[in-house]
Amino acid sequence: MLRILRLPIQVLSQARSTTGISRFIVPVQSSVPSFEKSFHTNVVVQSGAQRSFGRTNDRGSGRTGGYNFNNASGSRYNRHKRDGFNNNRKQFRKPVRKDEDELEFDETTLAKLIHVPKDATAEEVTLDQMLEEKLMDTMLHKSISRMGFDGLTPVQQKTIKPIVKDEENDVIARAKTGTGKTFAFLIPIFQHLINTARDSQYMVKAVIVAPTRDLALQIESEVKKIHKHNYGLKKFEAVSLVGGTNFDSSMRRMNKLRPNIVIATPGRLLDVLAKQGDRFFKYVDFKVLDEADRLLEIGFKEDLEEISNILNNLNGKGNDHIRTLLFSATLDEKVQKLSNSIMNKESCLFIDTVDKNEPEAHEKIDQSLVISEKFSDNIYAAIQHIRTQLEQSPDYKAILFTPTVKFTKFISHILRREIGRELPVLEFHGKIEQRRRTNLVKEFKQHQKGILICTDVGARGMDFPNVAEVLQIGVPSELANYIHRIGRTARSGKEGKSTIFLCKDELPFIETLEERKNIIIKNKLDYKTNEKISKEFASKIDDTFELSDTLLSLISFYRSVIKEYGFDTRKLLPQLAASYGELLNDPEEKISIGRHQLERLGLTNNPVAKKMFNIESSRRFNDDNDYEPERNRNFRNRNYDDDNNSSNHNNHNDNQYNRYSKNNARGQRFNRFGN
Ligand SMILES: Nc1ncnc2c1ncn2[C@@H]1O[C@H](COP(=O)(O)OP(=O)(O)OP(=O)(O)O)[C@@H](O)[C@H]1O
């Protein structure tokens, strides 16, 4: 039950700011634990116009978010219903109260949020102290101490105690990238498992959800580290449930190990809940959302609501029993609004280790921006940069982010050819089979040097040790991912560098970053076109179909983020298309495209299309993908990961260009990727 604070009408009227959200500071009530009493409760009041609890997704296609269900049984929700689940649909219909001013607002948004701001003068919390205060068991104390850390990180100091101590709060925690958030939630979970070791021993008590398979698997290995450093804790087993792995063997592991912790991606978790929910998940006490802001976006949010409802229904202790912990490096108080439908407790602690006016990006990252005249120059600039770094430090270890799978493949081919002898070049994206992907992650974690080229599937949470620099050609799929991408360096107290390569027409992204995230990139450099390099580069392109295919995937991607970053379509799209001729060192060359393709790009009636392409009305492509233009527009709302064998990958924006078996623009046969 959520506490409803009755506010006077004039206050409610005041609440209707232009943005629709206003905060009121009201004194904390007596139920708040003493250490928070000096803080204030921020009550988020949402106007009627702001309510967004409708059940349809942004494609208007029902509540299955980014998933594409073509099977006869319909959505996962229907499958759960069919399989006997009462999803308590009432919970989706939020009670709407009308105040006397006839202003509609959602009562549940009045849940109590207790803001615990960053406090530079806070007393240090240590493992020993927690042991003494009996907040931490000896076994757990030993395990963490044996890991050899100098101490607990600020987020661990601020979150572990309140999670262990007080059972009546949900928790939202924000801390910068690489500051140990994983242990900040794993330590209290283990403590809880120790405290309740005699109850429901063979049942799942904590469910951790992550947006990508690789991150879920990484969290599982962090659990194993806790086991490894004290075998006494091994009895608290953990199993990961992620898409792309064999469902039956996951279930066999569940049956054999009877884990207390499950770490999962949303799609696979829903499937397991539908089939075996009441066998394993009746005693869940905790659910954790790692990278919570990502999981609460359209495409995932609906799945998370469904997971939350199913877990509440399976649990015999009432709808307010399961505690929810949300962690991310990019969160603000708006997350309370988004998470309302999945939080169960009456009040929620918002534990912040980042100052209100401080940028969320890690301060130990030295950020640079290289500006080119043309998009094609970004590629030369990045290659040149890598070469220079390699000359200075033969053990260079870096991650290079690109916007699409096709571009990742393209750049990987180029870099393998350019520097492959000196440095391992690894390619990482959602189109790689899961087993290979898991091995790639292991490999790159172990490498002393090398370059990992990836899409945003590697942007969040991945912990690769000793990455000296993060490079980016092009913009991320969502603004917050700039912070997560660069956060792959400067982890665990280390320093790092980041460089983003953008052309002039992409600079509105930087303005958006400054305005919305308060991130100012200190070092700005210009890249001057170098004719010799571009000629040399052109001579090495042996597959123009791959090139046009790659650029079409980029055009499709950039169309999907035009509004978000304030790009000018008339400038940016022709800029991308012109890269074709520029990279071939023949500016007259244009990408040849059929009308059907143009339509699928959503550019049929766009006047810039004629400038951009060589449009061939008779051109036919053997394209058997199920792409439709509408999907393209929803690109950024889709999941990074294909967790249920459906084709809902962020990067499958590339799908639309996958299967052209006809000759390419220059008459070459193309089948490099076996598509
Ligand atoms: N107390 C500690 N002291 C030093 N290093 C730590 C400590 N706790 C965890 N680490 C290490 O810090 C690294 C980053 O931790 P983790 O992946 O949990 O960061 P994160 O805050 O979740 O980052 P991201 O926001 O990118 O997900 C890991 O290698 C982890 O082992």
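In each ligand, atom 1 is the first atom listed, and ligand 1 is the first ligand listed.
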Please confirm whether Lys225 comes within less than 3.5 Å of ligand 1 when only nitrogen or oxygen atoms on both sides are compared. no
Enumerated ligand 1 atoms positioned under 4.0 Å from heavy atoms of Gly151: 1 (N), 2 (C), 3 (N)
Phe557 six-ring face occupied by Lys406 cation (under 6.0 Å, within 45°): no
As an exercise, identify every atom of ligand 1 less than 4.0 angstrom from a heavy atom of Thr153. 1 (N), 2 (C), 3 (N), 7 (C)
In terms of atom number and element, which parts of ligand 1 are under 4.0 angstrom from non-hydrogen atoms of Gln156? 1 (N), 2 (C), 7 (C), 8 (N), 9 (C)
Please classify the Lys176 to ligand 1 contact at 4.0 Å (heavy-atom distances, strictly less than): side chain, backbone, both or neither. backbone
Between Phe190 and His227, is the ring centroid distance below 6.0 Å? yes
Just need the protein heavy atom nearest to atom 4 (C) of ligand 1, so name the residue and atom and give the distance. Phe149 CD2, 3.3 Å
How far is atom 28 (C) of ligand 1 from the closest protein heavy atom, and which atom is that? Asp463 OD2, 3.0 Å
Heavy-atom nearest neighbour in the protein, as seen from atom 11 (C) of ligand 1, with distance rounded to 0.1 Å: Ser492 OG, 3.7 Å
Distance under 4.0 Å to a non-hydrogen atom of Thr182: what atoms of ligand 1 satisfy this? 16 (P), 17 (O), 18 (O), 22 (O)
Taking only non-hydrogen atoms of Glu291 and a 4.0 Å limit, the atoms of ligand 1 in range are 27 (O)
So is Ala329 polar-close to ligand 1, meaning N/O to N/O under 3.5 Å? no
Just which atoms of ligand 1 are under 4.0 Å from any heavy atom in Phe183? 8 (N), 9 (C)
Per-atom filter on ligand 1: closer than 4.0 angstrom to a heavy atom of Thr179 are 19 (O), 20 (P), 21 (O)
Protein contact to atom 21 (O) of ligand 1 [nearest heavy atom, distance to 0.1 Å]: Lys181 NZ, 2.8 Å
